[in-house]
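Data first, discussion second: the structure below is written as structure tokens.
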Amino acid sequence: MELVRKPSIFWVFVFVVVFAHVGNGFYLPGSYMHTYSNGDPIFAKVNSLTSIETELPFSYYSLPYCKPLGGIKKSAENLGELLMGDQIDNSPYRFRMNVNESIYLCTTTPLNEHEVKLLKQRTHDLYQVNMILDNLPVMRYATQNGVKIQWTGFPVGYTPPDGSADYIINHLKFTVFIHEYEGSGIEIIGTGEEGLGVISEADKKKASGYEIVGFQVVPCSIKYDPEVMTKLHTYDNVTSTNCPNELDKYQQIREQERISFTYEVEFVKSDVRWPSRWDAYLKMEGSRVHWFSILNSLMVILFLAGIVFVIFLRTVRRDLTRYEELDKEAQAQMNEELSGWKLVVGDVYREPACSKLLCVMVGDGVQILGMAGVTIVFAALGFMSPASRGMLLTGMIVLYLIQGIVAGYVSVRLWRTIKGTSEGWRSISWLAACFFPGIAFVILTVLNFILWGSHSTGAIPISLYFELFFLWFCISVPLTLIGGFLGTKAEQIEYPVRTNQIPREIPSRKYPSWLLVLGAGTLPFGTLFIELFFILSSIWLGRFYYVFGFLLVVLLLLVIVCAEVSVVLTYMHLCVEDWRWWWKAFFASGSVALYVFLYSINYLVFDLQSLSGPVSATLYLGYSLLMAVAIMLSTGTIGFLMSFYFVHYLFSSVKID
């Protein structure tokens, strides 16, 4: 086998090297870098207005801002962008490469009551304007308590601490950082935000010029004289001005006020190269926290696993050795005297309650786990770039659809193992294809009605609903049915022991076994909650999360802990002659989802105190519930499959007449 594999890997490597040298420049995935010559026009784009207070995105042009001369044109958006509520439009903000200038845009008509109310509401809710130049989000720096804080976007307006009035941001001081690219000298082979890239000699000559490597803004509020400003035309030059410090020089938001919008731009040369331009956005804060969390979890896991498994394996091995050394008469006599897992030989494989549901949940868990694992691996390797907006979510959906074939296979094969027949495999496959997507559909539909009622761009349009239904029923369901069919053809897993006709009575216990099952979820949660904090901050506080290497390590640790916890609890239940281990093995590790959901509520109460209104809280809890269900299915599946393998291995070692 090794003789076959090594040459194939060698030829793949040769092909990649040859293609890299003779082919044209390429970047995977995403687009090639842009270079500009002096004076080339560059138009900025605007994304949806966002706020950490409401989590309801709104269109940029829902407020009375200046519109482009050629009309508003939406940019093509992928599935992930639409689901995240992104709405990228063109804007009137025009820059010319290496030309420092101050520009007049427009003066609005007198503000009416509705516009004033909307502007004040967006200002109070801390809405941010998200602008994009050459695929880079605009960044600003603010100082709070002597600490320099980095933000993406700039506020709609400003309200002073006394709340006496509201002021609109109507003047923007842009700084565009550029790097001069010669197009000669060295060959670039590396990974930028667009993925792995190789620039050929032919492309170097075409690509010479300036590349944009940074985009910053200082927002200001300046009161202009509308009579003077209305005499100007769009893109006329105006006098550069500094941001005022006195409130009486700010542009107040009030009825019948005419607001003039201006901006100025300065181009600054930078040593930062194009592949490194996202470093400023992805600057990882608190890396020591990640490492401490991982090392702490690893030490605890290894310590507990070492103690538990040494004792456990020695005990099981000693019992099996003693059992096998006896003759048949002595074994029969020993069975009468012994207690523990050896007494449930005839019941350990008795069909569990709701066996169909268990098969479906395990199949869906494998599907979610496969999607998460492949996504995190690709993201850790740099393929899920933050520059490709929506790529992460789009990739997750595509991978989930493809993994449907695995879900059908696992569900049907487990069903065949439990029932001993393939009868009913179609219904199992259909349920596996519809169980988790159905839960997600119900939750997202309820949340979508809330978003529709709020006129938010986060609401999924009807056309996208039909697209999702098409993906669901025309791709996911058929693949799941194919997987189910393959499951019927796979070799059946044979039980190592026979099941008695009469079930054995389970001895009464002082405390309910489910209490132990729920408590078992604390150990997997201990490995997860630090990364959970960073992920929640990324989703709800608008921070970039790009530490997928840490997340991959945490995922591996989580898989190990879930497997350990479920195996230990299954063994404990069998030792007290409780043969109903199927569901308990699933929820021993799956109960971590309960703690994840409770932690999400804790995060809402203590870390998202600014989140305002029942609509925002409902959205947060709805998405948290969906995340908890996905975690329950995936972690429960890990624990169940490991316990199933353990029980099969354990009872395969017992001699049965």
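Since the model is a prediction, treat every value here as computed from it, not as a measurement. Numbers for residues simply follow the sequence, beginning at 1.
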- Test item: Val348 and Tyr495 side chains (from C-beta on) under 4.5 Å apart, heavy atoms: no
- Message: As a quick check of understanding, evaluate side chain to side chain contact (heavy atoms under 4.5 Å, CB included) for Ser589 and Met642, giving each step before the final call.
- Response: CA-CA 11 Å; Ser589 54; Met642 193 64 197; over 6 Å; no
- Message: How close do Val567 and Ser643 get, counting heavy atoms only, and between which atoms?
- Response: N-OG, 3.7 Å
- Does some side-chain heavy atom of Met632 sit less than 4.5 Å from a side-chain heavy atom of Phe597? no
- Does some side-chain heavy atom of Thr618 sit less than 4.5 Å from a side-chain heavy atom of Ile450? yes
- Message: For the backbone of Leu523 and the side chain of Tyr595, can you confirm whether one donor and one acceptor N or O come within less than 3.5 Å of each other?
- Response: no
- Test side chain to side chain contact (heavy atoms under 4.5 Å, CB included) on Leu625 and Ile443 and set out the steps. CA-CA 8 Å; Leu625 179 62; Ile443 293 175; 4.1 Å; yes
- Derivation of the side chain to side chain contact (heavy atoms under 4.5 Å, CB included) call for Trp415 and Ser355: CA-CA 8 Å; Trp415 173 254; Ser355 56; 3.8 Å; yes
- Task: For the pair Ser566 (side chain) and Ala585 (backbone), establish whether a donor and an acceptor sit closer than 3.5 Å, ignoring hydrogens and angles.
- Result: yes
- Message: Taking Pro352's backbone N and O only, do any of them form a donor-acceptor pair with Arg580's side chain (distance below 3.5 Å, no angle check)?
- Response: no
- In this structure, CE of Met371 is separated from OG of Ser634 (nearest 0.5 Å) by 8.0 Å
- Message: For Asn448 versus Tyr465, what's the shortest heavy-atom pair and its separation?
- Response: ND2-CE1, 3.3 Å
- Check whether any side-chain heavy atom of Tyr349 sits under 4.5 Å from a side-chain heavy atom of Pro496, and report yes or no. yes
- Query: Which heavy-atom pair separates Ser429 from Leu481 by the least distance, and what is that distance?
  - Reply: CB-CD2, 3.5 Å
- Kindly compute the distance separating CZ (Phe640) from CE (Met361), expressed to the nearest 0.5 Å. 11.0 Å
- Under the 3.5 angstrom rule, does the side chain of Ser456 hit a backbone N or O of Leu56 as a donor-acceptor pair? no
- Item | Check: Leu358 main-chain N/O paired with Trp583 side-chain donor or acceptor under 3.5 Å | no
- Query: Do side-chain atoms of Trp472 reach the backbone of Ala433 as a donor and acceptor pair under 3.5 angstrom?
  - Reply: yes
- Message: Do Ile462 and Trp452 make a side-chain contact, defined as non-hydrogen atoms from C-beta onward lying under 4.5 Å apart?
- Response: yes
- Under 3.5 Å, side chain of Ser591 to main-chain N/O of Ala588, donor-acceptor pair present? yes
- Measure the spacing between CG of Leu479 and CD of Gln403 and express it to the nearest 0.5 Å. 10.5 Å
- Validation row: Leu414, Ile428 side chains within 4.5 angstrom (heavy atoms): no
- Task: State whether the side chain of Gln87 and the backbone N or O of Phe58 hold a donor-acceptor pair below 3.5 Å, judged by distance alone.
- Result: no
- Note on the structure: Nearest heavy-atom approach of Leu401 to Leu471 is CD2-O, 3.6 Å
- Minimum heavy-atom distance between Ile418 and Cys359, given as atom pair plus value: CD1-SG, 3.9 Å
- Item | N/O donor-acceptor pair under 3.5 Å between Asn130 side chain and Leu49 backbone | no
- Please report the closest heavy-atom contact between Met627 and Leu536, naming both atoms and the distance. CE-CD2, 4.2 Å
- Can you list the steps and then say if Ser600 with Tyr623 is a side-chain hydrogen bond (donor to acceptor under 3.5 Å, both in side chains)? CA-CA 10 Å; Ser600 300; Tyr623 289 125; over 6 Å; no
- Message: Tell me whether Tyr645 at atom OH has more than 12 heavy atoms from other residues, nucleotides or ligands lying less than 6.0 Å away.
- Response: no
- Rounded to the nearest 0.5 Å, what's the gap from OH on Tyr599 to CG on Leu532? Could you check? 6.0 Å
- Thr417 vs His648 side-chain heavy atoms within contact, under 4.5 Å: no
- Query: Could you give the distance from CD (Gln128) to CH2 (Trp151), rounded to the nearest 0.5 Å?
  - Reply: 7.0 Å
- Query: Side chains of Val360 and Trp430: closer than 4.5 Å at any heavy-atom pair?
  - Reply: no
- Task: Start with the C-alpha distance between Phe525 and Leu594, add both sets of side-chain angles, then the distance that settles side chain to side chain contact (heavy atoms under 4.5 Å, CB included), and finish with yes or no.
- Result: CA-CA 9 Å; Phe525 178 72; Leu594 174 64; over 6 Å; no
- Separation between CD1 (Ile475) and OG1 (Thr480), nearest 0.5 Å, reads 11.5 Å
- Message: Can a donor-acceptor pair be found, under 3.5 Å and without considering hydrogens, that links the side chain of Ser411 to the backbone of Gly408?
- Response: no
